[in-house]
Amino acid sequence: MGPFSRLIWWICLILLLSTASNVAAQDFPLARDDPAIRDAVDYLLTCQNDDGGFGNEPDADSSSTVPTANAAGALALTGDLGRAREGGNTPLDYLVANPPGDDATGGSLGRYVMGIVAAGGD
């Protein structure tokens with residue numbers, strides 16, 4: 001299992017525990033102290049492109065809405081959203097500039113909205 005897959009599983013766990021106990025993600029000790037999560041966040045940040053969006057791997061030629069929304073949620077849960085392009089384009093910038101098309105499904109719309117909210121938009 002690669003670092004990105006591990007991060008997704010940890011995020012699911014953190015989300016489940018945070019929802020169940022109303023604990024803010026930045027207050028959840030695993031988000032700050034677990035070296036595996038720190039490594040996964042560092043890896044995830046290498047997948048960010050200059051437009052603020054994320055690709056599926058480091059040095060991806062282009063960004064995509066789905067990985068960007070997922071990354072915004074992951075970084076928000078671990079308290080690392082501010083590390084995503086400090087002083088440059090952010091995940092929110094990318095998501096606002098690239099809304100889903102008219103043919104988007106309910107799932108992709110929901111993921112997009114969750115990404116916007118996680119990235120600090122409304």
Side-chain angles (χ1 to χ4, degrees):
M1 182 181 297
F4 188 71
S5 297
R6 239 180 295 145
L7 177 64
I8 297 301
W9 283 109
W10 275 108
I11 290 166
C12 290
L13 175 64
I14 291 169
L15 236 178
L16 177 65
L17 293 173
S18 295
T19 303
S21 61
N22 290 330
V23 174
Q26 59 269 23
D27 296 331
F28 194 68
L30 289 178
R32 288 191 309 261
D33 300 332
D34 189 303
I37 290 181
R38 295 289 95 214
D39 289 345
V41 166
D42 291 340
Y43 172 80
L44 181 59
L45 289 169
T46 67
C47 297
Q48 188 174 23
N49 296 313
D50 290 337
D51 60 5
F54 286 77
N56 286 322
E57 57 191 15
D59 301 321
D61 290 335
S62 62
S63 299
S64 179
T65 302
V66 172
T68 302
N70 289 341
L75 294 170
L77 283 171
T78 61
D80 292 294
L81 187 60
R83 292 180 59 198
R85 289 289 184 250
E86 296 168 335
N89 290 322
T90 66
L92 182 59
D93 295 329
Y94 179 82
L95 292 170
V96 168
N98 297 281
D102 292 336
D103 60 345
T105 63
S108 58
L109 287 173
R111 184 177 295 122
Y112 177 78
V113 170
M114 289 175 59
I116 290 280
V117 171
D122 57 14

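Counting begins at 1 with the first residue of the sequence.
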For this session: Under the side-chain hydrogen bond (donor to acceptor under 3.5 Å, both in side chains) rule, collect the residues that match up with T46, sequence neighbours excluded.
Result: none

Tell me which donor-acceptor pairs under 3.5 Å the side chains of residues 111-122 have, and how far apart each pair is, sequence neighbours excluded?
unit_1	atom_1	unit_2	atom_2	d
Y112	OH	L95	O	2.6

Exercise. Looking at residues at least two apart in the chain, or sitting in another chain, which of them share a salt bridge (Lys or Arg N to Asp or Glu O under 4.0 Å) with D50?
Worked result: R85

Problem set entry | Closest non-hydrogen atom pair between P91 and L81, with its separation | CG-CD1, 4.4 Å

Problem set entry | Nearest-0.5 Å distance that lies between atom CG in N70 and atom CG in L75 | 10.5 Å

Problem set entry | Whether D93 side chain and T90 backbone form a donor-acceptor pair below 3.5 Å | yes

Seminar exercise, completed: Heavy-atom closest pair (L44 atom, F54 atom, distance to 0.1 Å) is O-CE2, 3.3 Å

For this session: Compute whether any side-chain donor of one residue and acceptor of the other, for N49 and S63, lie under 3.5 angstrom apart.
Result: yes

For this session: May I ask you to decide if T68's main-chain N or O and Y94's side chain share a donor-acceptor pair within less than 3.5 Å?
Result: no

For this session: Measure the CD-CG distance between Q48 and N89 for me, rounded to the nearest 0.5 Å.
Result: 8.5 Å

